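Below is one structure, written out as C-alpha cells; the observations come after it.
Predicted, not measured: the structure shown is a model, and the values here were computed from it. These numbers come from the heavy atoms of this one structure, side chains and all, not from hydrogens, waters or symmetry mates.
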Amino acid sequence: MRMTTEEAFVKVLQRHGIRHAFGIIGSAFMPISDLFPKAGITFWDVAHEGSGAMMADGYSRATGKVSLVIAQNGPGVTNLVTAVKTAYWNHTPLLVITPQSANKTLGQGGFQEVPQMALFQDIVAYQEEVRDPSRVAEVLNRVILQAKRASGPAQINIPRDIFTQVIDIELPPIVEFERPSGGEEALAKAADLLSNARFPVILNGAGVVLAGAIADSVALAEKLDAPVACGYQHNDAFPGNHPLAVGPLGYNGSKAAMQIIAKADVILALGTRLNPFSTLPGYGVDYWPKDAGVIQVDINPNRIGLTKRIAVGIVGDAGKVARALTDKVTSRLTPAGRQERRGLVAATRSAWAQELTSLDHEDDDPGTNWNARARAAKPDWLSPRKAWRAIQAALPREAIISSDIGNNCAIGNAYPSFDDGRKYLAPGLFGPCGYGLPSIVGAKIGRPDLPVVGFSGDGAFGIAVNELTAIGRSEWPAITQIVFRNYQWGAEKRNSTLWYDDNFVGTELDTNVSYAAIARACGLKGVVARTADELSDLLRQAIVDQQDNGKTTLIEVLINQELGEPFRRDAMKKPVVIAGIDPADTIEA
C-alpha cells in the first residue's frame, strides 16, 4: 500500500486502539499530530512534558490501556525522563515517542540535539530507533507490543526527517503472546508448601492488579483461609472490606498487616518483586519473618529472589498462577481452626482500626520536640491525621485517588482501602514529587464515569502547579485536587529534626502563596479548609461539582507543621564533626 510515513505511523496507532496522546506540540512531530483529529486521537496539550507523561501514567493505570506521550526533540524529550522512570517502576505500558534531530545534521551539535537513545537506555523496558522510512510501521508496532509484554515504557526514537516521505508498505500484524502460567514442578512445590503451612499469608503486589487477578487471589485466600496483605502503595490489590484483608505493608502501612505477616511460616508473594523499601520495619517493628518459606510469583524472572531468600520461584501471570494453586492446594485447617484464624484476623484488624482512629498527632523521637512545638505554635490548626480522617469521611468508596511523595501524603498511606483494583495511583518506588495532580487528570480522562481525587503536599504540588494553566480549558475533564498546606518540605524537615539539630536548610516555603488563589486565577474553583468539618463538606461539594457540574476544585487544607515518620531511617545517620567548617575559610574570587 502506498502512503506517507506519517500516515503509516498513525495507522499503527489506530490498529492498537490508541486514542489519547499527551505532550506539548513541537515541529518535529507535527506531521503526525496533524493527523490526530482525523484518526480519532485526542492530543492533550499540557503545560510541561513531564506532567504529560505522568498524565499518561495515570491514564494507563486507571484503564489498563497503553498510553502515549510525545515531545519535541531535545529539551522536550529531556523533560520526560523523571516521569518515564516513574512509569517504569509503576509497570505502566507507556509508548514514549521521541522525535530526534534530523539524520542529515545529527552529530553536528545542532538545534535541540541530544543523544536520546542513550538518555533513555536505563529507564525504559525497550527502545528502538527508526533507521529507514520504510520501517516506520514495523518498528512502531514492535515498540507498542514490547510495552504491552513488559508492562512498562517503551521508546521509539524517530529522526524528524523520516516523516513526510512516501513509501510502499504493508502494515505489520499484531502478534500477542499468551502470558506464562508457571512451571508444573514449581506449582506443585508451592501447592505443597501452602497446603502444609501452619499459618500461610498471601502478599498481593502490583502484578495482581495488572493481571486483573484480584478475584483469583480472593478464591485462593478463601480456600486456605489465608490472610492477605498488600504491597506498599498497592492498597487496591485486595478488597479492603474482605474478612481476610489486613491492609498494606511498608512505610506508614497497616500494623495489622505487619503483625499478621510476622506469624507466617509460608508467604505467597503474588505478583510482587518484593522491593526492599516495601518491607522495611514499620512503627519500630521488624515484622518480616526471617524463617518463613517464601513463594515468589513474578512475570519477570530477573526479579525473583532478588531481595529475599525464597523457597519457590514461579514465573507467571498472577491470575493464572493463583487459579492453578487454588486447584492444587488443600487446607489443613479444621472448621474450628478456620474460625479461630478468622477471629484472629478480625481482632487484629479491629485493634489497628481503633488505634488508627485514635491517632491525632505525630510522635517525637527521644531528644527531639518539633511536633510538640508545632502543635503549640498552631493549636487551632488541623493535624495531618485529623485531615485524613475528615477526607475518609467524605471520599466516595468508588473514587480513584492519586497521591504524591511527601510527608503528609505518606501519613495517609494507612487510611484508604478499595473494593477493586486500579483505584490507588501512588507515585511508586521512583518517588517523584509532582505526581498527584497530573496522574489524577490522566485517570479522569480514562475513567470519566468515576470521581477522582488527587493529593499533594504543598512542596510537591509546586512542581506541578503549572498544569492548572492547562486543565481549566473547556475540553479538559473536571477533577478534585487536595493540597496539604503547611509551608514546608516535610520529609526533609523531619530528617533535619532527627539528624541535623533543626538546621532547616531549604525546607521552608513561602507563606504568602495561596494555591487556592492560583486555581481561581486559572478559572478553576479554589477553596480553603481550616477545620475537619469544613474539609469534609468541601470535599463532598467538590465531588458533586466534578461529577454533575463539570467543575474542577482545588481544596487547600491548612494544617499544622507536625511531621510523620521519616522515609529513610534505614539510610540516614547523625553526622560527626571532624575537620569542622568555618566561613572564614572561604576565599574570595
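Note on Lys423 versus Asp419: no salt bridge recorded, every NZ/NE/NH1/NH2 to OD/OE distance being 4.0 Å or above. Salt-bridge annotation for Arg397 and Asp420: absent, with no side-chain N of the basic residue lying under 4.0 Å from a carboxylate O of the acidic one. Remark: Lys493 does not engage Asp502 in a salt bridge, criterion side-chain N to carboxylate O under 4.0 Å. By the 4.0 Å N-to-carboxylate-O rule, Arg389 lies close enough to Asp360 to be salt-bridged with it. Asp225 and Arg342 are joined by a salt bridge, as a carboxylate oxygen and a charged side-chain nitrogen come within less than 4.0 angstrom of each other.
Taking CG of Leu274 as the reference point, atom CD of Gln296 lies at 4.5 Å (rounded to 0.5 Å). Atoms OG1 and CD1, on Thr279 and Ile261 in that order, are 8.5 Å from each other to the nearest 0.5 Å. Rounded to the nearest 0.5 angstrom, Asn408 CG and Leu563 CG are separated by 8.0 Å.
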Go through Gln354 and Ser350 one step at a time and tell me if the side-chain hydrogen bond (donor to acceptor under 3.5 Å, both in side chains) criterion holds.
-> CA-CA 6 Å; Gln354 291 177 41; Ser350 176; 3.1 Å; yes
CA sep, side-chain torsions, deciding dist, call: Asp364, Arg494, salt bridge (charged side-chain N to carboxylate O under 4.0 Å, His left out) | CA-CA 10 Å; Asp364 281 309; Arg494 184 66 194 257; 5.4 Å; no
Between Asp57 and Asn90, does a side-chain hydrogen bond (donor to acceptor under 3.5 Å, both in side chains) hold up when you go through it step by step?
-> CA-CA 8 Å; Asp57 184 78; Asn90 285 341; 3.3 Å; yes
Step by step, would you call Glu562 with His361 a side-chain hydrogen bond (donor to acceptor under 3.5 Å, both in side chains)?
-> CA-CA 7 Å; Glu562 288 183 62; His361 299 288; 2.7 Å; yes
Show your working on side-chain contact (heavy atoms from CB on, under 4.5 Å) between Lys574 and Asp501 and close with a plain yes or no.
-> CA-CA 9 Å; Lys574 193 172 182 65; Asp501 301 319; 2.7 Å; yes
Verify side-chain hydrogen bond (donor to acceptor under 3.5 Å, both in side chains) between Thr98 and Asn157, making sure each step is shown before the conclusion.
-> CA-CA 5 Å; Thr98 57; Asn157 202 60; 2.7 Å; yes
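Residue pairs meeting the salt bridge (Lys or Arg N to Asp or Glu O under 4.0 Å) criterion with at least one partner in residues 200-220, sequence neighbours excluded, are Asp216-Arg323. Residue pairs meeting the salt bridge (Lys or Arg N to Asp or Glu O under 4.0 Å) criterion with at least one member in residues 174-185, sequence neighbours excluded: Lys148-Glu176, Glu178-Lys320, Arg179-Asp317, Glu184-Lys328.
At most 12 non-hydrogen atoms from other residues, nucleotides or ligands lie less than 6.0 angstrom from NZ of Lys189. Other residues, nucleotides and ligands contribute at most 12 non-hydrogen atoms within 6.0 Å of the CZ atom of Arg309. Remark: Glu398 CD is packed, more than 12 non-hydrogen atoms of other residues, nucleotides or ligands lying under 6.0 Å away. Within 6.0 Å of the NZ atom in Lys223, the count of heavy atoms belonging to other residues, nucleotides or ligands exceeds 12. The local environment of NZ in Lys573 is sparse, with at most 12 non-hydrogen atoms from other residues, nucleotides or ligands closer than 6.0 Å. Summarising the local packing, CD of Glu355 is surrounded by more than 12 heavy atoms from other residues, nucleotides or ligands at distances under 6.0 Å.
By the 4.5 Å heavy-atom criterion applied to side chains, Ile97 and Val69 are not counted as neighbours.
The residue from Ile310, Leu194, Ile267 that alone fulfils the side-chain contact (heavy atoms from CB on, under 4.5 Å) condition with Ile295 is Leu194.
Taking the six-membered ring wherever Trp is involved, the centroid distance between the rings of Trp489 and Phe504 does not fall below 6.0 Å. Close placement of the His20 and Tyr59 rings is indicated, their centers lying within 6.0 Å of each other. Phe567 has its ring centre less than 6.0 Å from the ring centre of Tyr251.
For the residue pair Ser383/Glu362, the side-chain donor-acceptor check at 3.5 Å is not satisfied.
Both cation-pi conditions hold for Lys255 and Tyr283: the charged atom is under 6.0 angstrom from the six-membered ring centre and inside a 45 degree cone around its axis.
Minimum heavy-atom separation, Pro239 to Ile214: CD-CG2, 3.5 Å.
A perpendicular orientation is assigned to the rings of Phe277 and Tyr232, their planes being inclined by more than 60° (bins at 30° and 60°).
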